[in-house]
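By convention in this document, chain letters (A, B, ...) are assigned in the order of the sequence lines, proteins followed by strands, and residues within each chain are numbered from 1.
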2 protein chains.
Amino acid sequence: MKDTHTHFTIGTLAKKANCKIETIHYYEKIGLIPSPPRTEGGHRLYAMTDSKRLNFIRRCRELDFSIEQIVELLKFIDEPDHYCGEIKAMAMIQAREVQKKIDDLEHLKKALNDMVSQCKGEGFSIDNCPIVDALYVEPEEFG
Amino acid sequence: MKDTHTHFTIGTLAKKANCKIETIHYYEKIGLIPSPPRTEGGHRLYAMTDSKRLNFIRRCRELDFSIEQIVELLKFIDEPDHYCGEIKAMAMIQAREVQKKIDDLEHLKKALNDMVSQCKGEGFSIDNCPIVDALYVEPEEFG
DNA sequence: ATAGAACCTAAAGTAACTATAGGTTCAAGC
DNA sequence: GCTTGAACCTATAGTTACTTTAGGTTCTAT
């Protein structure tokens, strides 16, 4: 019996991280995750650490972080010799970025909800739709 | 004197819609906006209708609608027999999507802030990182 | 031993633009 | 009328973060 609890194939890793095998290949190619050991035949073998790392990456991607930003975040993890001050500073910068993104999205949400609440959905034709009107905004200077 | 009030060049249109000339070229190429008439020399000439349409497209893009979704929205606008219920539905779906993203980001922000306040001086490794722990979600079946 | 699932590499395709190259036209100033 | 430079033209390549395709190899279960 193989030690399937501590070592698994790329397909299993993909399922664990909820992504495709090709995505893992891609991350390896760009150096976001390390090249794992292989079987005799060349199949990749992963461990829990890899799963955690990939999971982190995928969650960050879901949150719209760019690969470049994730590289930065992973520095927190990959360089444990960093002093606390540096880590703190980077985490704070990252938190500010996140806040900015939240603010942007709140704005977006409000715009969408405003449109929705002004529109009764029925009885309005396109010529008389608040959503269309809301989106057809002329710029101040070039009307 | 040219009729600059009703006809303008691509550069002017770009400014009106707050986008680049190349983006307009691109939209024309993919058929999102019609090919306008040209001058003798081949320069594109636009009218107010074009400006309105492009403005609508750009606003939708700002709201994270995909080009494909915008094609759908424009169908509703181009076919006056449609009611705006469809547009409302799409806006609602979009708003829900945005809310989900906000919730995730709030989570991440908390994780980052927690990390800042928990930082005591040692570095974090992959197995000992508050951010990773906060983001790592065990998959249901594959723990 | 063999079938088929899972894996491998390399290259091309996708969305929604952006950037570059190299040439043409237009409008203003002399 | 001529020149100059901004604005425009086309076509192609580059960007990000993957996904898809093609064609071949390995692994595992019967």
Side-chain angles (χ1 to χ4, degrees), chain A residues 1-4 7-46 50 53-74 97 101 142, chain B residues 1-4 7-33 35-46 50 53-74 94 97 101 142:
Chain A
M1 199 183 179
K2 280 257 175 86
D3 193 352
T4 49
H7 292 95
F8 37 83
T9 63
I10 196 167
T12 307
L13 179 63
K15 275 177 198 149
K16 276 171 183 279
N18 193 31
C19 73
K20 304 196 168 178
I21 290 172
E22 291 78 14
T23 306
I24 300 174
H25 285 164
Y26 171 71
Y27 287 162
E28 186 183 323
K29 202 166 81 180
I30 64 170
L32 203 58
I33 59 176
S35 307
R38 307 279 186 115
T39 63
E40 284 286 305
H43 288 197
R44 289 168 179 83
L45 281 181
Y46 295 96
D50 302 304
R53 188 184 185 86
L54 182 57
N55 236 281
F56 174 73
I57 292 166
R58 292 307 296 169
R59 279 287 285 152
C60 287
R61 288 294 301 128
E62 277 172 30
L63 299 176
D64 262 7
F65 281 90
S66 68
I67 295 281
E68 210 176 330
Q69 284 179 307
I70 294 171
V71 167
E72 286 305 303
L73 284 168
L74 284 172
E97 302 263 297
K101 210 168 249 179
F142 302 94
Chain B
M1 202 182 180
K2 279 255 176 89
D3 195 353
T4 50
H7 292 95
F8 36 84
T9 64
I10 195 167
T12 306
L13 179 63
K15 274 178 202 151
K16 276 171 181 283
N18 193 32
C19 73
K20 302 196 171 179
I21 288 171
E22 290 79 14
T23 305
I24 299 173
H25 284 164
Y26 171 71
Y27 287 162
E28 186 183 323
K29 202 166 83 181
I30 65 172
L32 203 59
I33 57 175
S35 308
R38 306 279 186 116
T39 63
E40 283 285 306
H43 287 197
R44 289 166 179 83
L45 281 181
Y46 295 96
D50 303 303
R53 190 181 185 88
L54 182 57
N55 239 283
F56 175 74
I57 293 166
R58 293 307 295 171
R59 278 287 285 153
C60 287
R61 289 292 301 128
E62 276 172 31
L63 297 176
D64 263 5
F65 283 93
S66 68
I67 295 279
E68 210 176 330
Q69 285 176 307
I70 294 171
V71 168
E72 287 306 303
L73 288 169
L74 285 173
Q94 201 66 17
E97 217 93 324
K101 226 169 233 183
F142 304 91

Look at [X] and [N] and indicate whether a side-chain polar atom (N or O) is within less than 4.0 Å of OP1 or OP2.
X       : N      : value
B:Tyr27 : C:dC17 : yes
B:Thr9  : D:dA7  : no
A:Arg44 : C:dC7  : no
B:Arg38 : C:dT24 : no

Return the value, rounded to whole Å, for the distance between atom [atom1] of [X] and atom [atom2] of [N].
X       : N      : atom1 : atom2 : answer
B:Gln69 : C:dA15 : CD    : P     : 13 Å
A:Phe8  : C:dA6  : CZ    : C1'   : 16 Å
B:Ile70 : C:dA15 : CD1   : P     : 14 Å
A:Tyr46 : C:dC7  : OH    : P     : 10 Å
A:Asn18 : D:dC18 : CG    : C1'   : 15 Å
A:Ile10 : C:dA6  : CD1   : C1'   : 11 Å
B:Glu40 : D:dC9  : CD    : C1'   : 16 Å
B:Glu62 : C:dA16 : CD    : P     : 15 Å

Nearest nucleotide by nearest heavy atom, which residue falls closer to the 5' end of DNA chain C, B:Arg58 or A:Lys29?
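The answer here is A:Lys29.
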
So which nucleotide from D:dC18, D:dC9, C:dA16 ends up closest to the side chain of B:Ser66?
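Side chain of B:Ser66 sits closest to C:dA16.
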
Give me the residues of residues 19-26 of chain A where at least one heavy atom lies under 4.0 Å from an atom of DNA chain D, by number, or none.
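Result for residues 19-26 of chain A: A:Lys20, A:Glu22, A:Thr23, A:Tyr26, sorted by number.
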
Determine all donor-acceptor pairs shorter than 3.5 Å in which one atom belongs to a side chain in residues 67-74 of chain A; sequence neighbours excluded.
| residue | atom | partner | partner atom | Å |
| --- | --- | --- | --- | --- |
| A:Gln69 | OE1 | A:Ser66 | N | 3.0 |
| A:Gln69 | NE2 | A:Glu97 | OE1 | 3.2 |
| A:Glu72 | OE2 | A:Lys75 | NZ | 2.9 |

Roughly how far, to the nearest 0.5 Å, is [atom2] of [Y] from [atom1] of [X]?
X       : Y       : atom1 : atom2 : answer
B:Ile33 : B:His25 : CD1   : NE2   : 9.0 Å
B:Thr12 : B:Leu45 : OG1   : CG    : 10.0 Å
A:Phe8  : A:Asp50 : CZ    : CG    : 6.5 Å

Could A:Lys20 and A:Tyr26 be counted as a cation-pi pair, given that NZ or CZ must be under 6.0 Å from the ring centre and within 45° of the axis?
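The answer is no, since A:Lys20 fails at least one limit relative to A:Tyr26.
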
Could you tell me whether the side chain of B:Arg58 reaches within less than 4.5 Å of the side chain of B:Thr23, counting heavy atoms only?
yes

Side chain to side chain contact (heavy atoms under 4.5 Å, CB included), that's the test. Do A:Tyr46 and A:Lys16 meet it? Break it down for me.
CA-CA 11 Å; A:Tyr46 295 96; A:Lys16 276 171 183 279; over 6 Å; no

Determine the contact category for A:Phe65: base if any of its heavy atoms lies under 4.0 Å from a base atom, sugar-phosphate if only primed atoms, P, OP1 or OP2 are that close, otherwise nothing.
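The answer is nothing, as A:Phe65 stays clear of every strand by at least 4.0 Å.
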
